[in-house]
Amino acid sequence: MHRRSIRKRSWRSSAAAARTCRRGWPASRETVGVGEFISPQPTPHGGGCTRGEPAPPSLNPPPATNLPYTRRQMPDEIVDDAAEAGAPLAAPHELTLDILRHSAAHLMAAAVVQLYPGAQYDVGPAIEDGFFYNFRLPDAAHFSDTDLQRIEERMHELAAQQLPYEPQVMERAAARQLFESAGQNFKVDIIDRIDPAVQQVSVYRTGEFVDLCRGPHVSHSGLLRATKLLRVAGVYWRGDERNEQLQRVYGTAWFSQDELAAYLHRLEEAERRDHRRIGKELELFHFDPTAPGMTYWLPDGVVIFNELLQYSRAQHQRWGYREISTPIVNDSALWKTSGHWDHYRENMFLIPVDEQTTYGTKPMNCPNAMVVFNLRRRSYRELPVRFSDWGVLHRFERSGTLHGLLRVRKFQQDDAHIFVTEEQIEEEYARVFEICTHLYGLFDLEYSYRLGTRPDHFLGEATMWDRAEAALLRLLDRHAGPGGYAVDPGEGAFYGPKIDILVKDAIGRQWQLGTIQLDYQLPRRFGCVYIDRDGSEQTPAVIHRAVYGSLERFIGVLIEHFAGHLPLWLAPVQCELIPVQDDADDVLHFVDSVGERLAAAGLRVDVNRRSGERMQGKVRGAELRRVPYVIVLGRKDLERGDGVVRVRDIRRHQQEDLPLDDLVTRLAAEAAERRPA
RNA sequence: GCCGGCGUAGCUCAGCGGUAGAGCAGCUGUUUUGUAAACAGUCGGUCGUGGGUUCGAUUCCCUCCGCCGGCUCCA
């Protein structure tokens with residue numbers, strides 16, 4: 001259900017981490033990434049696969065990104081890349097934003113070292129929309145926002161000096177000595193981690209600042225004229241919580257001030273789509289300090305929630321699922337059987353009942369599905385058995401991780417557990433993919449698949465995993481196309497590999513929605529069996545799957561995707577009627593009668609009879625409330641008596657005159673067909 | 001949980017060592033309006049919580065709670 005980042009490479013930002021490169025290529029060519037140094041043919045170009053394109057090491061130019069402003073003709077003065085390991089690189093032909101940003105990271109480190117003598121710098125790659133650098137400050141000091149301003153000012157000064165970026169190839173040992181004598185322990189550590197076969201490394205000098213780096217870079221700092229530092233964060237060294245925390249500074253860099261301004265403007269626009277903001281404005285949901293991460297669904301939000309729920313329920317019934325509803329709390333005995341007690345307890349809300357008994361609030365539905373399956377003997381004839389369960393789940397997520405509807409502690413999944421024979425796995429997966437295609441197709445959502453494979457700590461035998469992973473890869477190749485998905489090594493569930501469906505929020509953060517997981521362990525732990533054709537007992541496999549994922553997260557994503565302008569079938573109020581004369585009984589009657597016509601067609605209608613507010617004000621209010629259709633009716637319409645109304649389509653910014661009958665038919669059809677906005 | 005930031009009226013925010021202000025919303029009145037804001041008046045806050053410093057704290061310091069951005073985590 002949750003966003004996962006990549007272990008062991010977590011020096012990247014979460015945004016970068018989420019952009020897992022296809023087939024497991026590292027997602028960034030960082031200054032000093034160990035993996036890159038051992039590459040016999042380092043990428044000749046700063047772009048690498050930072051943006052997530054497939055980018056195996058190669059001398060070919062990497063593919064262009066889809067951002068039109070990513071590339072620029074490279075100025076002549078851009079120097080050739082220094083070659084590590086003595087291998088000359090092809091000269092980059094263009095100055096990319098990645099090169100620019102990586103160079104900005106160097107400049108920032110240079111500024112920090114000047115301003116904070118004794119600061120150590122660790123790694124500082126270009127990332128999507130910017131760059132960062134990690135530091136350790138003397139006396140374990142921390143950066144605050146005012147430090148950011150100082151650093152940024154110094155960067156501007158250094159940029160004005162047009163300091164050259166000078167590459168230098170060094171013997172590895174010499175480089176080690178250089179950094180050791182400078183007290184740059186991180187760099188020494190990085191050199192020590194480089195493949196022993198590599199004998200030469202390159203460094204770049206910018207003024208007095210020197211960094212271990214394979215380049216390439218801008219020719220001089222004067223090109224860094226549009227940079228801005230954004231925020232500071234504490235990050236664990238090498239991404240491991242057990243390590244010390246370093247200070248990371250994030251910044252952004254662009255070719256021009258105009259582009260920088262456009263980027264900042266884009267961030268502001270995204271903020272307007274933020275589901276937390278819209279949810280508050282439209283009174284869809286609420287989070288109370290007494291229940292962090294646990295949604296209060298307000299009346300209009302419940303409409304959205306229930307529409308999604310009802311539709312999915314009805315569809316799942318058609319698709320052969322039987323719905324069950326199971327307890328929200330179970331005795332710890334259940335969680336011990338399932339393995340949650342050992343593997344997930346710290347994420348559960350526990351309820352002590354008496355001295356001997358503790359209940360656990362369910363973080364997942366699966367164990368109870370096992371209980372239901374086991375209620376009687378099962379025959380191979382009835383497989384696949386599909387149990388859907390919309391139960392309320394609670395997970396004790398760490399306080400710093402909550403995020404509106406997108407990361408909550410109480411939620412409902414469109415969950416189901418499918419008991420299958422080994423032979424049925426592929427076909428059943430294909431069916432689930434069809435469901436995904438259908439449900440996501442309703443919203444014009446852009447989504448991607450990701451396969452998580454066997455983690456370090458796993459249950460069962462490796463051969464079984466290999467077989468399961470191979471099957472899932474086949475399915476993904478068929479369903480998403482070869483390469484049309486990402487592979488995240490080691491990111492499977494501990495009981496089986498999984499396929500996740502990922503969608504981005506307003507500012508590009510990636511979230512996991514749906515998940516399709518293959519599980520051999522849980523049915524075994526619960527002793528689930530079916531009687532096979534030959535009379536023998538067999539253990540079924542179980543497919544855990546949720547398509548929306550959680551209703552909460554899905555709605556959060558939808559709100560951002562549509563900026564609050566939901567498809568008609570989900571809109572809490574679908575049509576608002578505004579009387580021009582709100583003190584005239586005959587007009588009000590007329591408006592009411594039109595409202596009844598629409599309501600009779602199954603539409604959610606509001607008649608705005610508030611007196612004291614002018615018609616124009618009501619139109620504005622309806623617009624702000626994202627009511628999809630607004631109809632203003634007055635005495636003229638009543639007296640004309642031709643049944644023609646003028647309807648305002650909020651989402652398309654259009655107005656149209658048409659007969660009421662036609663309007664009713666049209667809106668009812670739009671809602672019934674669940675067309676996206 | 002960790003790092004940084006924030007918490008002032010229902011909402012969005014200003015203010016600041018001398019016990020608070022705007023716009024919108026709400027309410028009342030006038031207006032009856034033809035497609036994104038009529039006008040006037042008025043109500044409304046023990047400045048998140050607890051403690052400390054001070055003659056005096058919304059303001060400075062600390063604790064806790066919550067929120068925001070990262071990190072970590074995330075079956």
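Both backbone and side-chain heavy atoms feed into the values below; hydrogens, waters and symmetry mates do not. Throughout, a chain's letter reflects where its sequence line sits, starting with A, and its residues are numbered from 1.
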Under 3.5 Å, is there an N or O donor on one side and an acceptor on the other linking the side chain of [X] and the base of [N]?
X	N	value
A:Arg407	B:C73	yes
A:Tyr250	B:G4	no
A:Asp637	B:G34	yes

For the C1' atoms, the ones on B:G21 and on B:C47, what distance do you get once it is rounded to whole angstrom?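 Result for the C1' pair: 12 Å, nearest Å.
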
Distance, P atom - from B:G70 to B:G23, rounded to whole angstrom: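 So the two P atoms sit 35 Å from each other.
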
For the aromatic rings, using the six-membered ring if either is Trp, is the centroid distance between A:Tyr133 and A:Phe131 under 6.0 Å?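 Aromatic pair excluded; centres sit 6.0 Å or further apart.
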
Verify the ring-centre separation between A:Tyr495 and A:His343: is it less than 6.0 angstrom?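 Here the rings of A:Tyr495 and A:His343 have centres that are no less than 6.0 Å from each other.
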
How about A:Glu491 and A:Lys498: do any of their side-chain heavy atoms sit closer than 4.5 Å?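 No. Closest side-chain heavy atoms not under 4.5 Å.
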
How far does CG of A:Asp586 sit from CG of A:Leu588, to the nearest 0.5 angstrom?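 Answer for the CG-CG pair, A:Asp586 versus A:Leu588, is 8.0 Å.
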
What base-paired stems does RNA chain B take part in, with at least 3 consecutive Watson-Crick or G-U wobble pairs and both distances under 3.5 Å?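 Runs of three or more consecutive pairs: B:1-7 with B:65-71, B:10-13 with B:21-24, B:26-30 with B:38-42, B:50-52 with B:60-62.
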
Between A:Arg610 and A:Glu576, is there a side-chain N and carboxylate O pair less than 4.0 Å apart?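 No.
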
Please determine which of A:Phe143, A:Tyr121, A:Tyr250 meets the ring-ring contact (aromatic ring centres under 6.0 Å, His included) test together with A:Phe132.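 That would be A:Tyr250; it is the only one of A:Phe143, A:Tyr121, A:Tyr250 passing the ring-ring contact (aromatic ring centres under 6.0 Å, His included) with A:Phe132.
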
Would you mind classifying the nucleic acid contact of [X] as base, sugar-phosphate or nothing, using non-hydrogen atoms under 4.0 angstrom?
X	answer
A:Gly617	sugar-phosphate
A:Gln247	sugar-phosphate
A:Gly612	base

Can you tell which of B:C73, B:C68, B:C27 lies closest to the side chain of A:Arg610?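 The closest nucleotide is B:C27.
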
On RNA chain B, check which nucleotide each of A:Phe143 and A:Arg620 is closest to and give me the residue with the more 5' one.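 By nearest-heavy-atom nucleotide position, the 5'-most residue is A:Phe143.
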
